Amino acid sequence: MQRVRYKLLAAQQPYLRLLARSWSSTSAVNQEKKHKLYDTHIPISNTERAVLTVGSAFAALANPLRGDMVATLGETTGHLFLTRIRDQMLQSDEGRRILRERPVINTKTINFDKLKEECAPGTFGHAYVSWLKGEGVTPDTRCEVQFVDDEELAYVMNRYRQIHDFFHTLTGLGVTVEEEVALKWFEWVQTGLPMTMLASLFGPLRLTWTERIRLYRDYVPWALQCGASCTPLMNVYYEHNFHKPLDEFRKQLGIILPPSTTSLQ
């Protein structure tokens, strides 16, 4: 059953198909018996994890903004950093509450039309819903966690993905390649997750020369400074701050706007 599931995953990506052929016999011998730990969990052996890591790394290097491959790489390589994030959350009252209550952010748990009606203009919640609508995105598009072999750490990864759009709202960054790379630098400083490092270092290869100059001149210094000095953002219960004025919330968290967006705010 595990091999069938793995072949289905490999069939979705040429890099994984190539690696699957070379590793198939070894995988059959070294397959470890693991149990499903949560609804979306796909138990895999260490060999299969290695194949997925290498395959997703090649795919992500070819396109650092390829969300599914970056997500897979994050799950197969992020155990140490997810553990650190979880431990950091446990040191905070709000972080512990998040881990205990495990809020989920999607269109089933939040009525976004109602949220915008209830939140006054200028509040965090109003800005968040306006940003989603303006950029044409939704939290429902986030990849489900599959390969993290720890139920609590899987939630931490899921939480990180679901609050990504909150980061956009708070920093004023959009969804252009340049702005997404800038936000990945910010997230790298905040989380240390390997896939944020990959997108930060190789994402600029997809930018024009002018965009790269602006990225390294304006965005990267901001990301390094702001990411290191602001509150650990995984510890923040954003859902309880929707009605708070956006500027006040930014100040509370210690977030300063990037130079290239300051004039637009």
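The structure displayed is predicted, hence computed values, not measured ones.
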Indicate the atoms forming the closest heavy-atom contact of [X] with [Y], along with that distance.
{"X": "Trp188", "Y": "Thr196", "value": "CA-OG1, 3.3 Å"}
{"X": "Gln88", "Y": "Pro232", "value": "OE1-CB, 3.5 Å"}
{"X": "Thr231", "Y": "Gln252", "value": "OG1-O, 4.0 Å"}
{"X": "Val156", "Y": "Met234", "value": "O-CE, 3.5 Å"}
{"X": "Asn106", "Y": "Lys108", "value": "OD1-N, 2.8 Å"}
{"X": "Arg212", "Y": "Leu207", "value": "NE-O, 3.3 Å"}

Under 3.5 Å donor-acceptor, [X] side chain and [Y] backbone:
{"X": "Thr141", "Y": "Thr138", "value": "yes"}
{"X": "Trp222", "Y": "Ile256", "value": "yes"}
{"X": "Asp165", "Y": "Leu132", "value": "no"}
{"X": "Gln146", "Y": "Ile42", "value": "no"}
{"X": "Tyr219", "Y": "Val181", "value": "no"}
{"X": "Gln190", "Y": "Leu233", "value": "yes"}
{"X": "Trp131", "Y": "Leu173", "value": "yes"}

Positive for side chain to side chain contact (heavy atoms under 4.5 Å, CB included) with Asp247, one of Lys244, Lys251, Arg250: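 Among the candidates, only Arg250 passes.
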Indicate yes or no: at least one non-hydrogen side-chain atom of [X] is less than 4.5 angstrom from one of [Y].
{"X": "Phe124", "Y": "Tyr238", "answer": "yes"}
{"X": "Ile255", "Y": "Cys226", "answer": "yes"}
{"X": "Trp185", "Y": "Tyr216", "answer": "yes"}
{"X": "Thr77", "Y": "Met195", "answer": "no"}
{"X": "Pro43", "Y": "His35", "answer": "no"}
{"X": "Glu179", "Y": "Leu183", "answer": "no"}
{"X": "Leu37", "Y": "Asp150", "answer": "no"}
{"X": "Leu246", "Y": "Thr123", "answer": "no"}

Salt bridge or not between Arg49 and Asp149? Use side-chain N to carboxylate O under 4.0 Å.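 Here Arg49 pairs with Asp149 in a salt bridge, since their nearest N and O are under 4.0 Å apart.
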Same cluster for [X] and [Y] if Ile/Leu/Val/Met/Phe/Trp/Tyr side chains link at under 4.5 Å?
{"X": "Ile213", "Y": "Leu201", "result": "no"}
{"X": "Leu90", "Y": "Tyr160", "result": "yes"}
{"X": "Val148", "Y": "Val104", "result": "no"}

Strictly by modelled atom types, are [X] and [Y] linked by a side-chain donor-acceptor pair under 3.5 Å?
{"X": "Thr76", "Y": "Thr53", "answer": "yes"}
{"X": "His164", "Y": "Glu187", "answer": "yes"}
{"X": "Glu118", "Y": "His243", "answer": "no"}

Describe, in one word, how the ring planes of Phe186 and Phe167 are oriented to each other, choosing from parallel (under 30°), tilted (30 to 60°) and perpendicular (over 60°). perpendicular
Point-to-point distance, once rounded to the nearest 0.5 Å, from [atom1] of [X] to [atom2] of [Y]:
{"X": "Arg96", "Y": "Asn235", "atom1": "CZ", "atom2": "CG", "answer": "10.0 Å"}
{"X": "Glu180", "Y": "Ser200", "atom1": "CD", "atom2": "OG", "answer": "11.0 Å"}
{"X": "Asp39", "Y": "Glu151", "atom1": "CG", "atom2": "CD", "answer": "9.5 Å"}

Tested for salt bridge (Lys or Arg N to Asp or Glu O under 4.0 Å) against Glu239, the lone hit among Arg97, Arg159, Arg102 is Arg159
Pair listing, salt bridge (charged side-chain N to carboxylate O under 4.0 Å, His left out) test, anchored in residues 69-88, at least two apart: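 Qualifying pairs: Glu75-Arg161, Arg86-Glu152.
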For residues 225-237, pull every pair meeting salt bridge (charged side-chain N to carboxylate O under 4.0 Å, His left out), keeping only residues two or more places apart or in separate chains. none
side-chain hydrogen bond (donor to acceptor under 3.5 Å, both in side chains) between Glu101 and Tyr237, worked out: CA-CA 10 Å; Glu101 297 180 359; Tyr237 213 137; 2.7 Å; yes
Tyr38: ring pair (Phe, Tyr, Trp, His ring centres under 6.0 Å) partners, not counting sequence neighbours: His41
